[in-house]
Amino acid sequence: MSSFVSLRAAKVSKQSKSFVKPSPDVADPCHTPIHPQPQLNDELYGTLPSSLDIRTAPNDGRGIYATQPMKRGTTVLSLPPHVQALSVTSLSVHCSYCAAPSPDLKRCTRCKIVRYCGSSCQNNDWALHKRECPALTRWSSDNPKSPVPSDAVRCLARMLWAIELNGLESRFTRQLASMQSSRPVAQAATHTQLAYSLVRFMGISGPEELLKFGVQGAGGVADVVARFTTNAITLSTPTITPIGVLLSPLAALFNHSCDPSAVIVFPTLPAAADNLKLKVVCIKDVQPDEEIFTSYIDTTLPYFLRQISLLETYDFRCDCTLCSRQSTSQDAVDPREQAACPRGCGGVWRVSIEEDGAISKAASEEDKNEIKCTKCGYCIPKEKVNEVQDVVRVGGEGLKEAEKIQNEDPTRAHRLTTNLIPLLAAAGLASSSYPLLALLRLHQQFELDHLTTALSNLPGTNLNSPGTETTLSDEDKSKANEAQQVLDGAVQNQARIARGLSDIFCEGHPVRALALAELGKLLSVDEPWPPAPGSHTPAALLPASSPTPAPVNSGLSPSFPPHHASRLSLALQSLQRAQRELDISFGAGGGEVGKEVRSMAGRVEAELGVWRETRGGQR
Ligand SMILES: C[S@@+](CC[C@H](N)C(=O)[O-])C[C@H]1O[C@@H](n2cnc3c(N)ncnc32)[C@H](O)[C@@H]1O
């Protein structure tokens with residue numbers, strides 16, 4: 001399922017696509033589910049909600065189907081995980097039992113690694129931590145350079161200890177044992193490394209010690225690891241920031257689509273001592289007998305990269321409606337791989353992308369037939385295709401490098417994204433296109449850090465109060481001016497990201513909804529040093545509310561973002577749209593972010609009211 005933090009940190013987003021069932025007159029034997037086996041499923045999983053059914057199909061095994069119509073925004077499952085482990089970097093910030101963040105976590109006095117909100121979470125976790133604590137202590141003294149094993153290793157160990165605790169014949173254990181295991185060749189080295197670390201972490205010295213966990217020798221360990229990697233689900237915050245990994249055999253039964261009809265989310269992290277719960281929420285309307293799909297990978301990736309990612313980790317080729325359309329259709333230009341018509345007619349052409357950013361074989365075939373603009377039919381000259389091919393390749397390499405060094409050398413990574421983005425945009429790549437969108441998103445992380453610093457350097461006085469300009473020192477003016485520029489740059493960047501994501505994802509996809517919320521938040525930050533009054537920005541600059549043919553340039557006018565009341569008005573629109581989408585992504589109320597966005601929209605509305613009253617909408 002979605003990546004676990006320490007192994008595949010770059011592939012974090014939960015993405016989506018809806019699955020269109022084959023029409024009854026075109027029966028596809030691979031997609032025709034074998035009928036449910038209610039007794040078997042009830043026995044193993046307990047009673048499922050009556051709206052869901054487990055069925056088996058020849059091409060993708062067991063899957064979860066709807067038994068009744070469900071509207072987008074419906075929570076179809078809500079359940080605690082079997083086991084979970086926080087990523088190494090999240091251990092000091094989140095409670096190891098309920099995963100809630102807290103500045104005041106209490107550290108286990110023995111291992112000094114695991115932390116809890118309070119004694120109730122600590123007590124709830126004790127049965128497992130009692131086994132984990134000496135293992136962590138031993139590991140940290142044996143490995144001073146890397147004192148905590150990865151979340152994957154710790155989650156695997158917790159799974160085995162939980163099996164021992166619950167008993168080999170328990171439903172808990174049988175559910176875990178029933179999870180499918182895939183062993184893609186590309187994962188062999190990772191699996192071996194994980195198996196080795198697991199045995200070392202648990203202090204297992206011989207095959208007989210494995211029997212109490214129901215594991216038979218080295219082959220059994222390899223199988224446990226393969227089952228884990230096939231079914232692991234990313235534990236994330238309400239803003240979809242990955243903070244760990246978990247196992248939930250029931251949630252793992254959802255099969256994958258690159259355009260899923262549901263997402264696995266954590267709309268709120270629990271109040272202290274409550275159980276952590278994952279939710280599966282429909283982001284598209286689902287019909288009875290339709291299979292419900294989630295997504296296992298970053299679906300902002302273009303077709304070939306998605307296929308490689310699924311094959312390497314889950315050992316299957318995706319034939320979801322999006323992939324089928326993209327592999328066969330010459331007409332559809334996916335927003336993930338498109339560039340602007342060089343004639344500037346507003347049309348686009350398809351830049352088929354393979355691994356490492358090379359133009360795909362499909363494109364070279366298309367090459368023979370000529371690649372044409374979808375709007376004016378202009379044949380894209382060979383030189384232009386080559387130019388974009390080179391730029392995409394360079395951008396793809398730069399992205400990999402920037403992702404790799406982002407933590408150890410953020411300055412260099414930031415420089416890379418700063419230099420590459422204009423290069424890709426100048427070649428005509430759409431903001432939704434690979435690798436431009438990924439570079440914009442990474443770049444924004446650095447820009448937001450920069451913004452925090454710039455805002456914290458501001459003088460304490462209210463910069464916008466009348467007469468301030470005359471009393472400020474030149475140094476303060478320059479700081480305020482710099483902060484304004486950084487803020488405007490971050491708003492522009494976020495608008496491009498929100499637009500790119502809106503072209504890729506359906507309305508209500510959490511990645512898209514959160515991008516809109518972030519745009520609204522940035523637009524509502526107090527302007528440190530706005531320019532003279534008078535600029536207006538048309539609301540059309542906001543990303544479209546449903547997927548539209550992707551714009552090929554940034555779509556931003558030179559005067560974007562506007563200032564003063566126009567800016568606040570745009571902030572309000574963005575927050576209100578985010579609110580509507582969050583209600584779908586996280587279910588009614590929009591979870592923790594929905595709550596925050598609603599209260600922010602209220603504040604912005606009140607502020608706008610004051611502007612209108614005191615200044616007639618102008619500065
Ligand atoms: C997490 S499991 C999903 C549940 C699984 N079908 C089962 O029977 O337990 C992931 C595995 O299901 C299969 N799978 C999931 N989605 C698929 C798809 N769209 N096409 C083919 N196989 C798929 C793959 O074998 C994959 O490794």
Side-chain angles (χ1 to χ4, degrees), residues 1-4 7-8 11 14-22 28-37 40-41 44-45 48 52-65 76-77 79 81-82 152 155 159 174-188 190-191 222-235 245-264 278 280 290-299 301 303 306-327:
M1 316 282 293
S2 317
S3 54
F4 32 95
L7 292 183
R8 297 190 296 281
K11 297 174 184 170
K14 313 236 170 196
Q15 324 298 339
S16 53
K17 138 156 196 176
S18 87
F19 176 74
V20 180
K21 286 196 311 159
D28 173 354
C30 288
H31 279 111
T32 308
I34 291 164
H35 271 293
Q37 299 166 291
L40 219 99
N41 292 333
L44 191 57
Y45 293 102
L48 269 181
L52 302 178
D53 209 3
I54 300 169
R55 299 181 194 172
T56 307
N59 72 321
D60 58 4
R62 292 170 304 168
I64 297 204
Y65 290 70
V76 295
L77 262 188
L79 75 173
H82 269 39
C155 194
M159 175 179 113
R174 283 183 294 116
Q175 284 184 4
L176 287 168
S178 81
M179 293 190 307
Q180 186 187 314
S181 94
S182 302
R183 295 195 194 188
V185 181
Q187 289 285 313
T190 309
H191 283 190
D223 186 55
V224 163
V225 168
R227 250 181 297 137
F228 172 81
T229 54
T230 308
N231 295 279
I233 294 174
T234 301
L235 166 60
V245 63
L246 62 83
L247 284 175
S248 167
L250 186 54
L253 285 179
F254 288 94
N255 283 315
H256 164 90
S257 165
C258 298
D259 184 12
S261 43
V263 286
I264 298 178
L278 67 85
V280 183
E290 185 178 327
E291 183 169 3
I292 303 175
F293 291 98
T294 58
S295 165
Y296 301 173
I297 55 160
D298 175 2
T299 53
L301 293 173
Y303 171 75
R306 293 200 307 274
Q307 292 291 345
I308 288 166
S309 181
L310 289 167
L311 206 54
E312 287 186 347
T313 310
Y314 300 99
D315 210 17
F316 72 90
R317 281 176 206 283
C318 186
D319 67 349
C320 70
T321 44
L322 181 68
C323 289
S324 311
R325 197 163 65 230
Q326 281 179 251
S327 62

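Heads up: numbering here begins at 1 and tracks the sequence. In each ligand, atom 1 is the first atom listed, and ligand 1 is the first ligand listed. All values reported here derive from a predicted model rather than from experimental measurement.
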Structural part of F293 in contact with ligand 1, heavy atom criterion under 4.0 angstrom: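 Near ligand 1, F293 shows nothing, with every heavy atom at 4.0 Å or more.
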
Side chain, backbone, both or neither: N59 near ligand 1, heavy atoms under 4.0 Å: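 Within the 4.0 Å criterion, N59 contacts ligand 1 through backbone atoms alone.
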
Of N231, D223, T230, which meets side chain to side chain donor-acceptor pair (under 3.5 Å) against R227?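 The residue from N231, D223, T230 that satisfies side chain to side chain donor-acceptor pair (under 3.5 Å) with R227 turns out to be D223.
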
When you measure from the side chain of H256 to the backbone N and O of Y296, does any donor-acceptor pair fall under 3.5 Å?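 Yes, H256 side chain to Y296 backbone: donor-acceptor pair under 3.5 Å.
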
Does S261 use its side chain to pair, donor to acceptor, with the backbone of F293 at less than 3.5 Å?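 Side chain of S261 to backbone of F293: a pair is present.
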
Are any of the N/O atoms on [X], whether in the backbone or the side chain, positioned under 3.5 angstrom from an N/O atom of ligand 1?
X: N231; value: no
X: R62; value: yes
X: Q180; value: yes
X: T230; value: no

Quick one: list whatever passes salt bridge (Lys or Arg N to Asp or Glu O under 4.0 Å) with R174, sequence neighbours left out.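 Salt bridge (Lys or Arg N to Asp or Glu O under 4.0 Å) check on R174 returns E43.
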
Within the structure, is a non-hydrogen atom of A252 found at a distance of less than 4.0 Å from ligand 1?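 True for this residue.
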
Show the nearest heavy-atom pair for residues Y45 and S178, with the distance to one decimal.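 Nearest pair, atom of Y45 first, then S178: OH-OG, 3.1 Å.
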
Which heavy-atom pair separates V245 from L235 by the least distance, and what is that distance?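 The pair with the smallest heavy-atom distance is N-CB, 3.8 Å.
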
Any atoms of ligand 1 less than 4.0 Å from a non-hydrogen atom of N255? List them with their elements.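 Counting from 1, the qualifying ligand atoms are 3 (C), 4 (C), 5 (C), 6 (N), 12 (O), 13 (C), 14 (N), 15 (C), 16 (N).
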
Counting from 1, what ligand 1 atoms have a heavy atom of S182 closer than 4.0 Å?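 Those qualifying, in numeric order: 25 (O), 27 (O).
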
Find out whether I297 and R306 are in side-chain contact, i.e. whether some heavy atom of one side chain is under 4.5 Å from a heavy atom of the other.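 Yes. Closest side-chain heavy atoms under 4.5 Å.
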
